[in-house]
Amino acid sequence: MPAFQPVRGTHDLLPDEQRKHLHVIDTARQVARGYGYAEMSTPIFEFTEVFARSMGETSDVVSKEMYSFVDKGGENLTLRPEYTAGICRAFISNGLAQQAPFKVFAHGPMFRFERPQKGRQRQFHQIDVEVIGAPEPEADIEVVTLAADILERLGLLDKCVLEINSLGDLDSRLAYRRALVEYLEGHRAHLSEDSLKRLERNPLRILDSKDAGDREVIAGAPPMEAFYTAAARDFFAAVRAGLDASGVAYQLSPRLVRGLDYYTHTAFEFVTTHLGAQGTLIGGGRYDGLIEMLGGQPTAGIGWAGGIERLAMLAANLPPPVRPVALIPIGPAAEARALDLARALRREGLVIELGFRGNVGRRMKRANRLNAIAAVILGDDELAKGVVALRELDSGSQSELPIERLAEKLRTLA
RNA sequence: GCGGGCGUAGCUCAGUUGGUUAGAGCGCCAGAUUGUGAUUCUGGAUGUCGCCGGUUCAAAUCCGGUCGCUCGCCCCA
């Protein structure tokens, strides 16, 4: 029988990899807490409509990348491809409008049926931050600053660039879209095949194209900012002023657009050149129309998501794994005593590893492999004297000490 | 969905114009050391050469298909 492999685009998070993920999550959680964001989770699947309505039926994610299925009750469900829609759904279903501005941090697995690539898997993981019920530019500033602080703590801020843009409010956006389509229609002959398709579904994305021919056409396109309403222009100016005041460096990217339909006003990405083609570490923006699209009262919102795999690949400052203390009993009497001793030491907060089998040599070898800081050897001789032999594995020095002083001594080593 | 590269031991990889029993390093196991790791020395085990088919006297090697990985397009975190 052939051995099973993990499903394409999925990966096991073995302890080493899991440790990196936890480092990213813990760092983000701590920084978010400092900003007053509480942690929450939503279910991994939702009614398909939650995503279809919010992200837009024509977006690539909804139209061809969702893991959708009909459950045994006949419900149309989808494994979440992103976090924002689910959190907004939760905001509505739990009647959280009273708590606005509702500020949360979340993390978890996401699912998209895409061709796997470096930094792109079918099951991947995100950290996520949302602020719902805050129409003020201060929310944009806070959310972006929070992202920058997380990146800094991970040692990544100097490896990426913050690009920001404003898509304007709904009126600005519709007016600009009309003007852009009109301009692009006049240059059809010079557009790439991909962009011709985008012209129908999501013309703004053409601004983002990497194709050389497209870029020439785009260079002559009307600028988005010319279509901002006065309110949209003021809003964006306030956001930029706030980032300046916070000392967060950014680059204006007039052609930055995002792939999901719900974005308005501020759009931003922290982009790195260290990861190949999938260079967005954190991306997000404002989604003032989204809650309403999902059936709630008109409510402003802004947030972002960061790819944990991508962040983990680059993150520095990874704390080293905890070094255990190996407890090595010799003989039946000592083994019985060791069970009790191990529990007592763990209650003291120490990390105790009991090898389950083998002679002293084998257990010492295992202790070494686990990078144990010390081995505590407990045999009949020691038992009779009420002591243990303590061997510090880095130096190799060994000494005897009374068993009741062991916890205290081990704490000084760790 | 489209294009390029790659699949040999647990890991990283070598393997000549197709030619006998497929190799190295690391790791693993055992012994030197039956109450002491790491270091040193000695010995040992481990392969459906991704899979299926074809060419050939002969295939890890050439050809086709397939699955997987990987890089890019696309998309996005």
Side-chain angles (χ1 to χ4, degrees), chain A residues 1-11 14 24 55 59-66 81-84 107-129 147 160 192-195 197-198 201-202 205 208-211 214 256-260 268-272 275-285 303-313 326 328-331 334 355 358-383 389-398:
Chain A
M1 191 174 71
F4 280 115
Q5 289 185 311
V7 172
R8 185 160 157 83
T10 68
H11 289 281
L14 299 180
V24 170
M55 301 169 81
S59 69
D60 280 62
V61 173
V62 171
S63 61
K64 48 192 188 197
E65 295 174 2
M66 295 206 303
E82 60 125 38
Y83 229 135
T84 305
H107 74 91
M110 306 293 154
F111 305 85
R112 291 183 197 174
F113 189 85
E114 295 186 275
R115 182 95 177 233
Q117 206 177 309
K118 185 177 184 181
R120 189 172 79 182
Q121 279 133 27
R122 290 182 175 182
Q123 175 177 336
F124 62 104
H125 300 80
Q126 289 187 333
I127 50 174
D128 186 279
V129 154
C160 60
S192 66
E193 209 176 303
D194 283 328
S195 286
K197 278 185 217 150
R198 284 186 280 231
R201 320 181 69 170
N202 197 344
R205 285 216 65 91
D208 232 1
S209 176
K210 290 176 189 168
D211 181 85
D214 287 351
L256 171 68
V257 287
R258 315 219 74 251
L260 309 180
F268 61 91
E269 287 181 2
F270 288 86
V271 183
T272 181
L275 276 182
Q278 309 300 326
T280 302
L281 291 173
I282 287 179
W304 53 253
I308 296 177
E309 281 82 358
R310 294 181 189 177
L311 293 163
M313 268 190 276
I328 302 178
I330 306 162
N359 58 23
V360 179
R362 182 188 285 274
R363 290 188 186 214
M364 286 295 290
K365 201 173 271 191
R366 178 170 164 80
N368 189 63
R369 207 165 35 220
L370 294 169
N371 194 28
I373 198 154
V376 174
I377 298 160
L378 184 62
D380 290 339
D381 300 350
E382 287 82 4
L383 221 47
L390 177 67
R391 185 177 184 84
E392 295 177 43
L393 293 182
D394 288 345
S395 63
S397 68
Q398 185 165 333

Chemist: With rounding to the closest Å, how many angstrom separate the P atoms on rG10(B) and rU46(B)?
Modeler: 12 Å
Chemist: Working to the nearest 0.5 Å, report the span between CD1 of I308(A) and CG of L281(A).
Modeler: 12.5 Å
Chemist: What is the separation between atom CZ on R122(A) and atom C1' on rC75(B), rounded to the nearest whole Å?
Modeler: 13 Å
Chemist: Is R391(A) reaching over with its side chain to a backbone N or O of Q398(A), donor-acceptor style, under 3.5 angstrom?
Modeler: no
Chemist: Using the P atom as the reference point in each nucleotide, state the distance between rG47(B) and rU66(B) in Å, no decimals.
Modeler: 30 Å
Chemist: Check whether any side-chain nitrogen or oxygen of Q117(A) sits under 4.0 Å from OP1 or OP2 of rG72(B), and answer yes or no.
Modeler: yes
Chemist: Using a distance-only test with no angle check, is there a side-chain donor-acceptor pair under 3.5 angstrom linking D214(A) and S209(A)?
Modeler: yes
Chemist: Using a 4.5 Å cut-off on heavy atoms from C-beta on, say whether the side chain of Y83(A) contacts that of M110(A).
Modeler: yes
Chemist: Does G276(A) reach a base, just sugar-phosphate, or nothing at all? Heavy atoms under 4.0 Å.
Modeler: sugar-phosphate
Chemist: Can you check the distance between rG19(B) and rA60(B), where both ends of the measurement are the C1' atom (answer in whole Å)?
Modeler: 13 Å
Chemist: Which part of the nucleic acid does D128(A) contact within heavy-atom distance under 4.0 Å: base, sugar-phosphate only, or nothing?
Modeler: nothing
Chemist: Can you tell which of R120(A), H125(A), Q123(A) makes a side-chain hydrogen bond (donor to acceptor under 3.5 Å, both in side chains) with E309(A)?
Modeler: H125(A)
Chemist: Look at R120(A) and rG72(B) and indicate whether a side-chain polar atom (N or O) is within less than 4.0 Å of OP1 or OP2.
Modeler: no
Chemist: D208(A) has an atom CG; how far is it from atom P of rC76(B), in whole Å?
Modeler: 9 Å
Chemist: What nucleic acid atoms does G9(A) come within less than 4.0 Å of, heavy atoms only: base, sugar-phosphate, or nothing?
Modeler: sugar-phosphate
Chemist: Closest approach to the side chain of D194(A), judged atom by atom: which nucleotide of rC73(B), rG37(B), rU70(B) is it?
Modeler: rC73(B)
Chemist: Just how far is it from atom OG of S59(A) to atom CZ of R205(A), taken to the nearest 0.5 Å?
Modeler: 10.0 Å
Chemist: Is RNA chain B part of any stem, that is, at least 3 consecutive Watson-Crick or G-U pairs with both distances under 3.5 Å, and where?
Modeler: B:1-7 with B:67-73, B:10-13 with B:23-26, B:28-32 with B:40-44, B:50-54 with B:62-66
Chemist: Quick one: does E114(A) reach the base of rG1(B) with a side-chain donor-acceptor pair under 3.5 Å?
Modeler: no
Chemist: Taking for each residue the nucleotide of RNA chain B bearing the nearest heavy atom, is the 5' side occupied by D211(A) or by A305(A)?
Modeler: D211(A)
Chemist: Supply the atom-to-atom distance T280(A) OG1 to R310(A) CZ, rounded to the nearest 0.5 angstrom.
Modeler: 6.0 Å
Chemist: Using the C1' atom on both, measure rA14(B) against rU55(B) and round to a whole Å.
Modeler: 27 Å
Chemist: Under 4.0 angstrom, heavy atoms only, what part of the nucleic acid is E382(A) near: base, sugar-phosphate, or nothing?
Modeler: base
Chemist: Please give, in whole Å, the distance from rA77(B) C1' to F270(A) CZ?
Modeler: 13 Å
Chemist: Send over the distance from D214(A) CG to rC75(B) P, rounded to a whole Å.
Modeler: 10 Å
Chemist: D381(A) has an atom CG; how far is it from atom P of rU36(B), in whole Å?
Modeler: 12 Å
Chemist: If we take the P atom in both rU8(B) and rC49(B), what is their distance in whole Å?
Modeler: 11 Å
Chemist: Could you go through the side chain to side chain contact (heavy atoms under 4.5 Å, CB included) check for I127(A) and W304(A) one step at a time?
Modeler: CA-CA 8 Å; I127(A) 50 174; W304(A) 53 253; 3.9 Å; yes
Chemist: Does R205(A) make a side-chain N or O approach to OP1 or OP2 of rC76(B) shorter than 4.0 Å?
Modeler: yes
Chemist: If you measure from the P atom in rG18(B) to the same atom in rC57(B), how many Å do you get, rounded?
Modeler: 15 Å
Chemist: Heavy atoms under 4.0 Å, any strand shown: does G396(A) hit a base, just sugar-phosphate, or nothing?
Modeler: base
Chemist: Whole-Å distance between rC76(B) P and Q278(A) CD?
Modeler: 11 Å
Chemist: Hey, which sits more toward the 5' end of RNA chain B by its nearest nucleotide, F113(A) or P6(A)?
Modeler: F113(A)
Chemist: With a non-hydrogen cut-off below 4.0 angstrom, is I377(A) in contact with a base, only sugar-phosphate, or nothing?
Modeler: base
Chemist: Between I330(A) and D381(A), does a side chain to side chain contact (heavy atoms under 4.5 Å, CB included) hold up when you go through it step by step?
Modeler: CA-CA 10 Å; I330(A) 306 162; D381(A) 300 350; over 6 Å; no
Chemist: So, is K365(A) near the phosphate of rU36(B), with a side-chain N or O under 4.0 Å from OP1 or OP2?
Modeler: no
Chemist: V360(A) side chain: which of rA77(B), rG35(B), rG37(B) is closest?
Modeler: rG35(B)
Chemist: Quick one: is rG1(B) close enough that its OP1 or OP2 comes under 4.0 Å of any side-chain N or O from K64(A)?
Modeler: no
Chemist: Show the nearest heavy-atom pair for residues M364(A) and L393(A), with the distance to one decimal.
Modeler: CE-CD2, 3.8 Å
Chemist: If you look at every strand shown and take non-hydrogen atoms under 4.0 Å, does A367(A) touch a base, only sugar-phosphate, or nothing?
Modeler: nothing
Chemist: Name the nucleic acid region contacted by R112(A), choosing base, sugar-phosphate or nothing; use a 4.0 angstrom heavy-atom cut-off, strictly under.
Modeler: base
Chemist: Mind checking I282(A) for me? I need base, sugar-phosphate or nothing, with any heavy atom below 4.0 Å counting as a touch.
Modeler: sugar-phosphate
Chemist: Counting side-chain heavy atoms from C-beta on, which of rU36(B), rC73(B), rC76(B) comes nearest to Q398(A)?
Modeler: rU36(B)
Chemist: Using a 4.0 Å heavy-atom cut-off, does Q121(A) contact any base of the nucleic acid, only the sugar-phosphate backbone, or nothing at all?
Modeler: base
Chemist: Select one nucleotide: of rC73(B), rG37(B), rG35(B), the one nearest the side-chain heavy atoms of N368(A).
Modeler: rG37(B)
Chemist: Between L393(A) (CG) and rG37(B) (P), how many Å, whole number?
Modeler: 11 Å
Chemist: Between rG15(B) and rA22(B), how far apart are the C1' atoms? Round to whole Å, please.
Modeler: 8 Å
Chemist: Rounded to whole angstrom units, what separation is found between the CD atom of E309(A) and the P atom of rC76(B)?
Modeler: 18 Å
Chemist: From the set rG68(B), rC75(B), rG37(B), return the single nucleotide nearest to any side-chain atom of R8(A).
Modeler: rG68(B)
Chemist: For residues E269(A) and C160(A), determine if any side-chain heavy atom of one lies less than 4.5 Å from a side-chain heavy atom of the other.
Modeler: no
Chemist: Taking 4.0 Å as the cut-off, does a side-chain nitrogen or oxygen of R115(A) come that near to OP1 or OP2 on rC71(B)?
Modeler: no
Chemist: If the P atom of rC62(B) is compared with that of rC6(B), how far apart are they to the nearest Å?
Modeler: 10 Å
